[in-house]
Amino acid sequence: SRPATKLLRAIIMGAPGSGKGTISSRIVHDFGVKHISSGDLLRKQIQDKTANGMAAKRYIDVGELVPDNVMLTMILNELNHLQNHNWLLDGFPRTVEQAKALIRSQPIDIVINLRVPFEVIIDRIKGRWTHLPSGRIYHTEFNPPKKTGLDDVTGEPLVQRDDDKEETVKARLEHYRRLTHPVLQFFRNKGVVEEFSGNYSNELWPQVHDALAKVMTPLKYTHYE
Ligand code: G5P
Ligand code: MG
């Protein structure tokens with residue numbers, strides 16, 4: 001396993017709805033890394049009605065990408081505060097420009113790529129409910145809240161994301177194909193991409209866990225069948 005002084009710099013990638021948030025929360029639980037989700041950060045800013053949030057909302061609501069300069073400022077600033085932590089990026093980088101800027105300041109150890117079929121993704125997004133302040137994610141069937149419509153931890157109301165409307169999801173998938181897919185090739189050329197394919201997060205998770213356990217020590221060792 002890695003020397004104690006070497007910090008983990010990981011990225012989780014995959015199409016909208018592929019389970020990045022779901023798998024990330026399990027990684028956080030088992031490995032204690034800091035999770036930075038660009039989408040969660042943006043949605044928090046929108047809720048707080050910050051200038052950045054209001055500017056970003058116009059893009060998010062139509063399924064377009066927020067401009068690179070806005071994202072870079074936001075994420076690199078966030079990473080500055082986490083220099084002594086292991087971290088996992090979710091939703092960033094999403095363009096080759098973002099990836100190039102990121103690796104200028106941070107070497108990346110592993111890119112976890114989740115490959116889930118398109119039809120499966122569409123069904124998932126339809127059933128998703130989110131607790132905006134925390135980013136906790138539920139699904140009407142896969143991961144229902146204890147009480148319908150309410151967050152398990154705070155009891156606050158869950159919402160459906162504004163960008164989960166069918167038309168917007170189509171636009172998001174198209175932007176993923178055109179702009180984000182090339183980011184994978186960029187990292188493949190650096191030899192850091194690990195691929196995970198399947199229809200279910202419960203099927204992908206043990207594989208992701210084992211791959212990570214090769215590069216860092218879990219908080220508590222769990223063997224997944
Ligand atoms: P986000 O927030 O990064 P996306 O589109 O990349 O959004 P999303 O939709 O958050 O990704 P996810 O995190 O990959 O998907 O998936 P998830 O939430 O874990 O799972 C989806 C649903 O399926 C959940 O309800 C979950 O419970 C359920 N589920 C999981 N596993 C299973 C399973 O095995 N079975 C079943 N039945 N269900 C399951 O970005 C949003 C927007 O922000 C902007 C863009 O506008 C973007 O569109 N943005 C950026 N713009 C530019 N640059 C960046 N870097 C940007 N980052 C964000
Ligand atoms: Mg997500």
Side-chain angles (χ1 to χ4, degrees), residues 11-28 35-46 52-53 55-76 78-79 88-102 112-117 119-132 134-145 152 158-165 167-181 183 196-206 208:
I11 299 174
I12 189 160
M13 291 188 65
S18 59
K20 299 183 293 296
T22 301
I23 298 284
S24 291
S25 70
R26 296 183 190 185
I27 294 174
V28 169
H35 173 224
I36 304 112
S37 158
S38 54
D40 287 354
L41 289 172
L42 288 166
R43 284 183 288 277
K44 240 170 256 163
Q45 298 221 14
I46 292 173
N52 256 347
K57 185 171 164 53
R58 289 187 299 138
Y59 298 94
I60 296 174
D61 282 354
V62 293
E64 280 185 24
L65 293 187
V66 175
D68 285 338
N69 60 330
V70 176
M71 294 313 301
L72 277 165
T73 309
M74 180 184 293
I75 300 296
L76 296 184
E78 200 72 19
L79 295 181
L88 169 69
L89 281 170
D90 163 2
F92 181 96
R94 240 187 172 86
T95 63
V96 172
E97 271 318 300
Q98 291 177 15
K100 284 184 179 161
L102 173 68
I112 296 162
N113 184 35
L114 307 181
R115 305 166 66 123
V116 176
E119 319 79 66
V120 174
I121 280 176
I122 297 290
D123 279 346
R124 283 184 185 186
I125 291 182
K126 281 191 202 148
R128 172 164 56 192
W129 289 82
T130 307
H131 178 244
L132 284 180
S134 69
R136 271 186 289 278
I137 318 151
Y138 300 88
H139 185 275
T140 45
E141 287 135 43
F142 167 70
N143 177 30
D152 287 352
L158 302 176
V159 297
Q160 288 204 287
R161 276 168 46 177
D162 287 339
D163 61 344
D164 280 352
K165 293 191 290 283
E167 278 313 296
T168 316
V169 171
K170 278 196 195 131
R172 284 162 58 199
L173 286 166
E174 176 57 20
H175 287 103
Y176 172 78
R177 195 185 59 74
R178 201 159 51 81
L179 296 165
T180 308
H181 211 252
V183 176
F196 303 93
S197 310
N199 288 359
Y200 306 101
S201 292
N202 287 348
E203 173 189 357
L204 298 181
W205 167 235
V208 173

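As the structure lists them, so they are numbered: ligands from 1, and atoms in each ligand from 1. The figures here come from the full heavy-atom set of this structure, side chains too, leaving out hydrogens, waters and symmetry mates.
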Write down, by chain and number, every protein residue that brings a non-hydrogen atom to less than 4.0 Å from an atom of ligand 1.
->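 Ligand 1 pocket, heavy atoms under 4.0 Å: Ala15, Pro16, Gly17, Ser18, Gly19, Lys20, Gly21, Thr22, Ser38, Gly39, Leu42, Arg43, Ile60, Glu64, Leu65, Val66, Met71, Gly91, Phe92, Arg94, Gln98, Arg124, Arg128, Ile137, Tyr138, His139, Phe142, Arg161, Asp163, Arg172, Tyr200, Ser201.
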With respect to Phe92, which candidate in Leu79, Val183, Leu72 satisfies the side-chain contact (heavy atoms from CB on, under 4.5 Å) definition?
->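 Per the side-chain contact (heavy atoms from CB on, under 4.5 Å) rule, the option paired with Phe92 is Leu72, out of Leu79, Val183, Leu72.
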Cationic N near anionic O, under 4.0 Å, Asp162 to Arg43 =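 Salt bridge between Asp162 and Arg43, a charged N being under 4.0 Å from a carboxylate O: no.
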Residues Asp152 and Arg136 bridged, charged N to O under 4.0 Å =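 Arg136 and Asp152: not salt-bridged.
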Quick one: does Asp68's side chain get under 4.5 Å of Met71's, heavy atoms only?
->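 No - every pair of side-chain heavy atoms lies 4.5 Å or more apart.
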Can you tell me how far the NE2 atom of His35 sits from the CG atom of Asp40, to the nearest 0.5 Å?
->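 It is 6.5 Å, given to the nearest 0.5 Å.
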Without swapping roles, check the side chain of Arg94 against the backbone of Gly91 for a donor-acceptor pair under 3.5 Å.
->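 Yes, the answer is positive, given that a donor and an acceptor are paired below the 3.5 Å cut-off.
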